[in-house]
Amino acid sequence: MSSFHRASQSLRTHARMWYLIDAKDQKVGRLATFVVKLLQGKTKPIYHPAADVGDFVVIVNTQDVVFTGKKWNDKLYRHHTGYPGGLKEIKAKDLHAKDPREVLRKAIYGMLAKNNLRYTFMRRLYLYKDKKHPYKNNITQELTGPCKPAKKLQDYTPAEIENYPYKNLF
Amino acid sequence: MVRGGSVDRSIRRAKIFALTKGFRGRSKNCYSLAIRAAHKALQHAYRGRKLKKRDFRSLWITRISNAAQEQKMPYSMFMHNMVRLEVQLNRKILSELAIYEPRSFQALADLARRRQSKGLLNALK
């Protein structure tokens, strides 16, 4: 059987999906591992590390991603310019203020395998700081991120706060 | 007195050059480089024959895992129940089923899910 015929048979198997993910209240690292799997095609049974079977991912609301703990203040992104004394560092908070997509982009970029496919995968990733994006017609599926949205103190009723389990421990 | 070389010199060399045909640079023409390249290539080939088995097994496991995740089931649960059900398909065949016969794979996943619900842990619940 000619390879041409084979390719036309498997067109639907190899068709790339377009996923839309809302990054609101998603933890950066957990969302990144989730997205990396989609970009690499590690959700498909035809996965092969050398074959490019990944999907497209559009992430909106990246300005609302979450870091746990004190990472906004403590986490540093470092790079060296190559000149003497050229070690530059920027706090996660400042980087996020500069470009609200960059924190997530760096997390995903760092989690992909360090080979030439990394650039191909990154080209299929689209990040938008708010909910506006130009790929509405392409989206095939909308996914919910791996983290449940955080419940704020204002969202709890007074009765729930009153009956919080730890209150009657001692 | 001028002596000739060993009789089978050209034959021995031809054997090595046959192995290094298509190698890069002078490794394919120059005997002193070719013999070294041939020995190294044979070492790599020996190691590659062992690695091939491991690499393929890990690839099959990744593929089965991906297919099991599509059926909302972790790999470990799927394989464990295959063993308990005495389904004697190996990982190579299971991964091929996942690619070429997704419905058959889905049927196996349903079987696994049913077997899981009959387990001791669920009986205790």
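Chain letters run A, B, ... following the sequence lines, proteins first, then strands; residues in each count from 1.
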Does A:Pro45 offer a backbone N or O that forms a donor-acceptor pair with the side chain of B:Asn66 under 3.5 Å? no
Over 12 foreign heavy atoms within 6.0 Å of [atom1], [X]:
X        : atom1 : result
A:Tyr77  : OH    : yes
A:Lys98  : NZ    : no
A:Lys27  : NZ    : no
A:Gln141 : CD    : yes

Looking only at heavy atoms, what is the nearest atom pair of B:Leu59 and A:Pro49, with distance? CD1-CD, 3.8 Å
Mind checking whether A:Val35 and A:Tyr119 sit in one hydrophobic cluster, side chains of I, L, V, M, F, W, Y counted as touching below 4.5 Å? yes
Side chain, backbone, both or neither: which part of B:Thr62 has a non-hydrogen atom closer than 4.5 Å to chain A? side chain
Atom group of B:Glu70 that falls short of 4.5 Å from chain A, counting heavy atoms: side chain
How far does CZ of B:Arg63 sit from CD1 of A:Ile46, to the nearest 0.5 angstrom? 8.0 Å
